[in-house]
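Comments concern the structure below.
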Number of protein chains: 2
Amino acid sequence: MAEQHIRVVLVDDHPVVRAGVRALVDAQGDLDVVGEAADSARALAVVEETRPDVVLMDLSLGEGPGGAETTRLVRAMPSPPQVLVLTTYDTEADVLEAVDAGAAGYLLKDAPPEELFRAIRGTARGETVLAPSVASRLLQRAASPAPKVSPREVEILRLLAKGLGNKEMARELLVSEATVKSHLSHIYTKLGVDTRAGAVATAIERRILRP
Amino acid sequence: MAEQHIRVVLVDDHPVVRAGVRALVDAQGDLDVVGEAADSARALAVVEETRPDVVLMDLSLGEGPGGAETTRLVRAMPSPPQVLVLTTYDTEADVLEAVDAGAAGYLLKDAPPEELFRAIRGTARGETVLAPSVASRLLQRAASPAPKVSPREVEILRLLAKGLGNKEMARELLVSEATVKSHLSHIYTKLGVDTRAGAVATAIERRILRP
DNA sequence: TGATGTCTCAACCATCGCCGGGAGACCGGG
DNA sequence: CCCGGTCTCCCGGCGATGGTTGAGACATCA
């Protein structure tokens, strides 16, 4: 064999998923699962200790820092492993955040095992691996202008979903009511709506807000 | 052994999860995984063929009928197996729909394996098994009066999430604008909010609307 | 040094939400 | 039987709120 075995660490808060990936991956001759972690802190410790080639990262890790933030921390380590995101959702925001955090690939949990194996091997070689649905979604978005809402506007959206009025938001954010209205107008144009209700709906749909 | 082996069928659209549950469950001496299915149609066929004692059912099955509807169909078979829902979310509406469909238990995927095994054995004996977080949520809801919104009000909510104004809704529904406002007021009191935006947010959260 | 983007603000008018009302349908108890 | 309770659906007017327009200050970046 010219190739070394590829060392893999699993990060996922679901024991069932960890067991599944381990069972599938360990059955491959050239892939070894050398560690598991259920949260961000343990993930960093396990990676530090086992020095894997690839980290399979879930994005939702229950309590504490999420998978995107954990990816960033892992990639900040000296001679870091590649990170392959393995998650349930392929939302615009999720993908972009993960890629921005330094992920080398993005795969969905409903992918067939063969695709998972190919993705792990490709990621270990430094390739960028995207699930087909993720790739097409990215291309689709690349065509239409990116609707990126600013941090302040996200703040507004959060209060909006709580049913606050403009006056209340203004008090909460320590600005004038006119400012709040201005932010709202910008949000409307960015999201392609013209009402508070529509803004909340599409913000939730695009995962800018989480229910 | 006084006990027969408990025969289990897995229904989940994620190969990884199926592999995980299979690996964990098969390692138990008294539990046998006798079949798997990734969608509703195959689930019914596999159950018909293997006659299991317990079906582990995911609620989101990708295309086609969901887990709740599939549970209903399985329970409608002659001398049906028990159904144990194993899913990611513990939303009010999800739990109620599953229980209404005939599920005997509701477990979350982040549950430790031991809890899963206990749940399977309990379900096979006909017990009702609820995850702690699910149970507490149900009790909490049982205390507060059920906020049941009428079909007409759901219609209003749908249009509301699209960002329509009262006048537009009135035209759409062939009623006066005043009527729309009245419906909205009722929706507000039922949902415990006092704005359109808040209504949309909590409607989505309570799964009255789907994103 | 423009160009771009974010955050801030004020005034004008349409719109929304609350407060009253009322009509028809269903159901269990007197 | 009919009666009161409950539910859904319907309406109008009034005051508060929301959305638009237009504009300035401040950063970053090519």
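Naming: A, B, ... by sequence-line order, numbering from 1 per chain. Since the model is a prediction, treat every value here as computed from it, not as a measurement. Just the heavy atoms: all of them, side chains too, but no hydrogens, waters or symmetry mates, feed the values below.
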When you measure from the side chain of B:H186, which nucleotide among D:dC9, C:dT8, C:dC16 comes out closest?
-> D:dC9
Between D:dC10, C:dC9, D:dC11, which nucleotide has the shortest distance from any of its atoms to the side chain of B:S176?
-> D:dC11
Protein-nucleotide distance (A:Y188, atom OH; D:dT21, atom P), rounded to Å | 13 Å
Whole-Å distance, A:L184 CG to D:dT21 C1', equals 15 Å
Flag, side chain of A:D58 to backbone of A:V11, donor-acceptor distance under 3.5 Å | no
Can you find a pair of side-chain heavy atoms, one from A:I156 and one from A:L184, that are under 4.5 Å apart?
-> yes
Ignoring backbone atoms, test whether A:H183 places a side-chain nitrogen or oxygen under 4.0 Å from the OP1 or OP2 oxygen of C:dT6.
-> no
Side chain A:T195, main chain A:A197, donor-acceptor under 3.5 Å = no
Residue-level proximity of residues 152-168 of chain A to DNA chain D when a heavy atom falls under 4.0 Å | A:G165, A:N166, A:K167
For atom CD of B:E177 and atom C1' of C:dC16, their distance in whole Å = 8 Å
Polar side-chain atom of B:R51 near backbone of B:S79 as donor-acceptor pair, under 3.5 Å = yes
Would the number of heavy atoms belonging to other residues, nucleotides or ligands and lying under 6.0 Å from CZ of B:R42 be above 12?
-> no
Write down the distance between CE (B:M169) and C1' (C:dC16), rounded to a whole number of angstrom.
-> 10 Å
Roughly, in whole Å, what's the span from CG in B:D194 to P in C:dC18?
-> 6 Å
D:dC11 phosphate, OP1 or OP2, under 4.0 Å from B:T179 side-chain N/O | yes
Phosphate-side-chain proximity, A:S185 and D:dG19, N/O vs OP1/OP2 below 4.0 Å = no
Heavy-atom distance under 4.5 Å between the side chains of B:E153 and B:K190, does that happen here?
-> yes
Would you say B:T195 reaches C:dC16's phosphate, i.e. side-chain N/O to OP1/OP2 under 4.0 Å?
-> no
Is there a donor and acceptor pair, one atom on the side chain of B:S182 and one on the base of D:dC10, closer than 3.5 Å?
-> yes
Atom-to-atom span, CD1 of A:I187 to C1' of C:dC7 - whole angstrom | 12 Å
When you match B:V193 and A:K181 each to their closest nucleotide on DNA chain C, which lands nearer the 5' end?
-> A:K181
Picking from C:dT6, D:dG19, D:dC10, which would you name as closest to the side chain of A:S150?
-> C:dT6
Under 4.0 angstrom between B:K190 side-chain N/O and D:dC7 OP1 or OP2 = no
Any A:I208 side-chain heavy atom under 4.5 Å of A:L191 side chain | yes
